[in-house]
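Scroll down for the structure; my scribbles are underneath it.
Sequential numbering from 1 along the given sequence is applied to the chain's residues. Numbering of ligands and ligand atoms starts at 1, following listing order. Everything quoted here is computed from the prediction, not taken from an experiment.
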Amino acid sequence: MGDQGLILNITEAPILSPRGAKHFTKPEKSKGKWKFKGQKRKAQDASERPSFKCSAFSSYPVIEVNDTKNKSNKKIKRDSSPKREKKEDGTKGRVAIKTSSLFKNNPEVPEIENPIVKQLQEKVFSSDSFSELGLHPHLVATITSVLNITQMTSVQKMTIPVLLSGRDAMVRSQTGSGKTLAYGIPLVHSLQSVTPKIQRNDGPYALVLVPTRELALQSFATIQKLLKPYSWIVPGVLMGGEKRKSEKARIRKGINILISTPGRLVDHINSTKSIHFTCVQWLIVDEADRVLDLGFQKDITTILNTLNAQSQQRQNVLLSATLNQGVTFLAEICLQNPVNVTVTEDSNTNIKQAAKPKALQDGDDNTSFALPEKLCQHFVVVPSKLKLVILSAFILGKWKCDKKPKMIIFFPSCDLVEFYHKLISSVLPLEGSRPDPGIFLQLHGNMEQEERTEVFQKFTEVKAGVLLCTDVAARGLDLPQVTWIVQYNAPATAAEYIHRVGRTARIGAQGNSLLILIPSEAEYVQALVEYKISVTEMKMKEVLSNLILEDFLKIKRAGGKKAESLDPQTIQERATVLQTKFEDYIHARPETLLWAKKALQSYIRSYATYPKNLKHIFHVRSLHLGHVAKSFGLRDAPHKLGKQLAGSPKKQKRADGHNVVGKKQRFLDLLRSEYSSGMTTKTRKGKKPKNEDEERDTGGPK
Ligand SMILES: Nc1ncnc2c1ncn2[C@@H]1O[C@H](COP(=O)(O)OP(=O)(O)OP(=O)(O)O)[C@@H](O)[C@H]1O
């Protein structure tokens with residue numbers, strides 16, 4: 001739509017009574033909370049009210065759209081708005097559209113004092129160079145000429161000598177601090193010195209396990225570079241998605257450094273006769289806490305049993321930016337007398353004998369982790385209705401004002417990534433708004449591997465772009481020059497927060513992050529503070545004001561006057577125009593409408609899977625389904641969704657005293673798997689294999 005084509009009049013329409021709202025009177029506000037006359041709702045302390053049971057749009061402003069450019073748009077098909085009316089005002093071709101007010105009847109955005117937190121810091125670089133370590137000269141030359149690196153990072157300085165001495169280690173240092181080379185360099189140094197020289201058909205001398213395929217590819221590329229002078233050592237990657245047959249053929253030919261996701265390796269252990277591990281000297285588990293999180297324990301046990309049965313002595317290394325008690329299972333079964341390497345500000349010489357691991361503990365153990373010093377973390381609190389508009393205003397603003405905006409936006413499920421990718425890339429005009437063409441990419445586990453790899457490579461290469469993804473991209477990926485990380489939904493653990501934001505501000509660079517919260521989720525900021533994570537508030541108005549720069553949202557008033565100023569009303573009008581564009585897109589076709597409803601359902605499902613310890617902040621009962629629906633471009637809440645999801649599962653007792661897993665419990669189990677960001681692959685039958693490359697959220701920031 002051209003910039004002159006849209007004429008808007010925003011007026012207040014009489015109160016309509018949407019479905020489900022008839023039982024409730026207009027909400028009254030009381031001490032910042034929402035209450036309903038004649039209804040007591042205990043245990044609802046969140047500020048977004050009412051629940052999805054009471055879809056209360058109490059007022060609808062009428063936006064009259066006169067599309068003077070595109071006459072064919074005069075009649076916009078609408079199929080679901082409650083009691084939507086066409087308003088004739090005498091103007092030929094003018095159609096009245098009711099877009100419920102984005103700015104009315106929202107819960108109050110709570111005042112949040114910027115918390116004062118002293119984050120844990122690590123010095124990224126040491127003052128020492130690689131040449132001081134006594135490494136093979138060709139390796140040092142390769143590091144300098146191929147990787148363009150001379151100075152060691154702190155974690156490299158601390159880890160490489162430990163690993164060169166033959167010790168097992170647990171290595172923790174902040175995201176983007178060079179942990180790949182911290183294990184890669186000593187690994188290559190040690191293998192190049194093996195005598196007699198390693199033969200390809202000896203099979204693996206080293207196994208590197210990582211949680212995702214993209215990380216497997218990336219680690220493989222780094223090892224490949226380090227091996228440049230040592231052409232007799234062959235690296236290889238197994239990651240699923242590729243035809244098993246061709247992987248088997250590569251294994252048969254011989255791979256000396258094998259990089260794999262655990263699931264895929266177990267797959268080959270079980271099915272590929274030619275795979276053997278008699279020569280294995282190294283086992284490296286990167287993102288070790290995640291590998292266990294993913295429920296790979298069974299796979300890890302299988303791998304370790306196989307290794308133990310076939311090879312004699314092995315050096316074992318666990319690495320992550322968020323190593324915690326959760327890895328004790330792994331540590332206990334695979335490390336021998338390990339050295340604990342932790343890089344923190346005041347403990348640059350923090351190399352300790354690792355304590356004997358305690359009994360297995362679940363998930364998070366309240367450990368605080370360091371964050372990159374030049375990472376500026378923000379949050380914005382925004383009513384549900386405005387979430388999509390805020391995200392769009394933010395993207396548009398960065399696209400207009402930043403030189404090279406490269407942004408990653410995290411969503412909680414594959415369905416949501418697919419939905420918002422299509423919706424946002426169809427409605428937001430990034431193309432032509434700057435010299436670089438706008439680029440929207442998506443990455444999630446429901447994509448074919450070929451496409452995943454293509455996207456990963458493309459986003460690595462582009463100077464500016466927006467990647468919408470699940471947590472499949474949260475761990476380990478080193479995507480250059482990412483300037484902003486946006487979290488459309490809060491992650492369920494502090495560790496995942498740290499890994500997501502860690503895709504920017506890498507290796508001492510500047511980076512920024514934005515976490516979008518709805519008012520009922522504001523307490524999450526405090527949960528982050530408990531982990532010494534410091535976030536600063538960005539005001540909603542500030543983000544929305546970006547819309548003033550957008551020609552495609554220009555409003556021509558009925559009198560012919562253009563509204564250009566930065567006054568709040570103009571900004572609100574523009575936000576409404578943008579919302580209307582989204583709603584028009586969604587309501588234009590039955591397929592898009594259905595799609596939006598499914599995405600909304602996926603969102604509610606993912607919301608239901610926040611862990612117990614965060615339920616007081618994230619509970620489906622705190623969501624106002626009608627408001628949430630707006631952020632899916634829906635004009636009202638789909639009717640059945642609320643009914644389906646209302647209430648929590650009741651445990652039934654069997655006569656023998658055992659709990660019966662009822663329908664609702666099974667439904668919740670289903671929800672839990674929905675929250676997985678879909679790092680799984682489809683098997684030939686379209687089913688997801690159990691553990692392969694899969695993610696499940698456990699634990700939480702508290
Ligand atoms: N000594 C160094 N000097 C300069 N750059 C380096 C050095 N070591 C590694 N890098 C670069 O830093 C970036 C981040 O490294 P890497 O991906 O290994 O970090 P990481 O600590 O594993 O991060 P994450 O915890 O997110 O997985 C890479 O681009 C790598 O090439």
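- For the pair Glu287 and His499, the minimum side-chain heavy-atom distance is below 4.5 Å.
- Closest protein heavy atom to atom 28 (C) of ligand 1: Asp478 OD2, 3.0 Å.
- Applying the 4.0 Å criterion to heavy atoms of Glu287 picks out, from ligand 1, the atoms 27 (O).
- Looking from atom 23 (O) of ligand 1 to the surrounding protein, the closest heavy atom is Gly176 N, 2.8 Å.
- Every atom of ligand 1 is numbered from 1 in the order shown, and the set under 4.0 Å from a heavy atom of Leu181 is 8 (N), 9 (C).
- Backbone and side-chain nitrogen or oxygen atoms of Gly178 are examined, and one is located within less than 3.5 angstrom of a nitrogen or oxygen of ligand 1.
- Under a 4.0 angstrom heavy-atom cut-off, Gln174 registers as being in contact with ligand 1.
- The Phe125 neighbourhood of ligand 1 comprises atoms 2 (C), 3 (N), 4 (C), with distances under 4.0 Å to a heavy atom of that residue.
- From Leu330, atom CG reaches atom CG of Leu335 across 7.5 Å, with rounding to the nearest 0.5 Å.
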Taking it one step at a time, do Thr453 and Gln449 satisfy side-chain hydrogen bond (donor to acceptor under 3.5 Å, both in side chains)? CA-CA 6 Å; Thr453 307; Gln449 187 51 45; 3.0 Å; yes

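- When the heavy atoms of Met152, His499, Lys179 are ranked by distance to atom 22 (O) of ligand 1, first place goes to Lys179.
- Here CD1 of Ile233 is found 13.0 Å from CZ of Arg200. Values are rounded to the nearest 0.5 Å.
- Within the 4.0 Å heavy-atom cutoff, Gly502 does not count among the residues contacting ligand 1.
- Taking CG from Leu468 and CD1 from Ile424, the interatomic distance works out to 5.5 Å, rounded to the nearest 0.5 Å.
- Between Arg172 and Asp289, none of the side-chain N atoms (NZ, or NE/NH1/NH2) sits under 4.0 Å from a carboxylate O, so this pair counts as no salt bridge.
- Residues His444 and Phe411 have side chains not in contact (no heavy-atom distance under 4.5 Å, counting atoms from C-beta outward).
- Looking at Asp478 and Arg506, a side-chain N of the basic residue comes within less than 4.0 Å of a carboxylate O on the acidic one, giving a salt bridge.
- At the top of the distance list for atom 7 (C) of ligand 1, counting protein heavy atoms only, stands Ile149 CD1, 3.5 Å.
- For atom 8 (N) of ligand 1, the nearest non-hydrogen atom of the protein is Gln156 NE2, 2.8 Å.
- At a 4.0 Å heavy-atom cut-off, ligand 1 touches Gln151 through the backbone alone.
- Taking any N or O of Ser177, backbone or side chain, at least one lies under 3.5 Å from an N or O belonging to ligand 1.
- Ring centers of Tyr183 and Trp282: at least 6.0 Å apart, outside the cut-off.
- With Ile507, Thr222, Val124, Thr322 as candidates, the residue nearest to atom 5 (N) of ligand 1 on a non-hydrogen basis is Ile507.
- Here Thr180 has heavy atoms under 4.0 Å from ligand 1 in both its backbone and its side chain.
- Looking from atom 17 (O) of ligand 1 to the surrounding protein, the closest heavy atom is Arg506 NH2, 3.0 Å.
- If you number the atoms of ligand 1 from 1 as listed, the ones under 4.0 Å from a heavy atom of Arg503 come out as 26 (O).
- Checked by distance only, ligand 1 and Gln218 stay at 3.5 Å or farther apart across all their nitrogen or oxygen atoms.
- Taking CD of Gln174 as the start and OG1 of Thr153 as the end, the distance is 9.5 Å to the nearest 0.5 Å.
- Residues Leu477 and Phe456 have side chains in contact (heavy-atom distance under 4.5 Å, counting atoms from C-beta outward).
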